[in-house]
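Pasting a structure below so you can have a look.
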Amino acid sequence: MSPRFDAIGLIVTDMAASVPFYRRLGFAFPDGSEQQPHAEARLPGGARLMLDTEETVRSFHPGWRAPTKGPRSALALLCDGPAEVDTVYEELTGAGYHGELKPWDTAWGQRYAVVHDPDGNAVDLFAPAEASSAE
């Protein structure tokens, strides 16, 4: 299998301002999302729109800085397992694409890595840290 589209992630300065904005556009964020550091709304077809505060991003990427220009978003691609995160990351960086964060096992139970597309937009590669036997 290959990675498949799963979510759109946006880094926001103010969650309390961002959630109501996206709700006005029809995104169904759960009640209380305005006070959370991470919020998700399910999209038609099963994908998600994810909002993370700048502080949340800095919690796992201390060197991250808000861009002075350009997009503040990332595509998130679900991989079939932890090994595929590593393989895809190595294939892309081996082809000359910038690896922003090497694969690592997160505190929230995923294998995770970040590469940049040619324009510098982040593409997050992730999978559950341990593949489910139900798959």
Side chain to side chain donor-acceptor pair (under 3.5 Å) partners for Arg42, two or more places apart: none
By side-chain contact (heavy atoms from CB on, under 4.5 Å) - contacts of Ala122 (at least two apart): Ala74, Val114, His116, Asp124
For the student: nearest non-hydrogen atoms of Ala127 and Pro82, plus distance: CB-N, 3.8 Å
Residues that Glu34 engages under side chain to side chain donor-acceptor pair (under 3.5 Å), provided they are two or more places apart: Arg23
Set of salt bridge (charged side-chain N to carboxylate O under 4.0 Å, His left out) partners for Glu40, sequence neighbours left out: Arg48
All pairs passing salt bridge (charged side-chain N to carboxylate O under 4.0 Å, His left out) where residues 102-116 contributes a residue, at least two apart: Asp86-Arg111, Asp105-Arg111
Non-neighbouring partners of Asp52 that pass side-chain contact (heavy atoms from CB on, under 4.5 Å), sequence neighbours left out: His38, Thr56, Val57
Taking distance alone, no hydrogens or angles, what donor-acceptor pairs closer than 3.5 Å link side-chain atoms of residues 91-98 to residues at least two apart or in another chain?
unit_1: Thr93; atom_1: OG1; unit_2: Tyr89; atom_2: O; d: 2.9
unit_1: Thr93; atom_1: OG1; unit_2: Glu90; atom_2: O; d: 3.4
unit_1: His98; atom_1: NE2; unit_2: Glu100; atom_2: OE1; d: 2.9

Residues forming a ring pair (Phe, Tyr, Trp, His ring centres under 6.0 Å) with Phe29, sequence neighbours excluded: none
Sequence-distant partners of Asp14, side chain to side chain donor-acceptor pair (under 3.5 Å), two or more places apart: none
Leu10 versus Tyr22, closest heavy-atom pair with distance: CD1-OH, 3.1 Å
Results of side-chain contact (heavy atoms from CB on, under 4.5 Å) for Ala28 - residues two or more places apart only: none
By ring pair (Phe, Tyr, Trp, His ring centres under 6.0 Å) - contacts of Tyr112 (at least two apart): Trp104, Trp108
Straight-line distance of Ile11 CD1 to Ser18 OG, nearest 0.5 Å: 11.5 Å
Nearest heavy atoms of Ser2 and Glu84, plus distance in Å: CA-OE2, 3.4 Å
side-chain contact (heavy atoms from CB on, under 4.5 Å) against Arg58, all qualifying residues, sequence neighbours excluded: Glu54, Trp64, Arg65
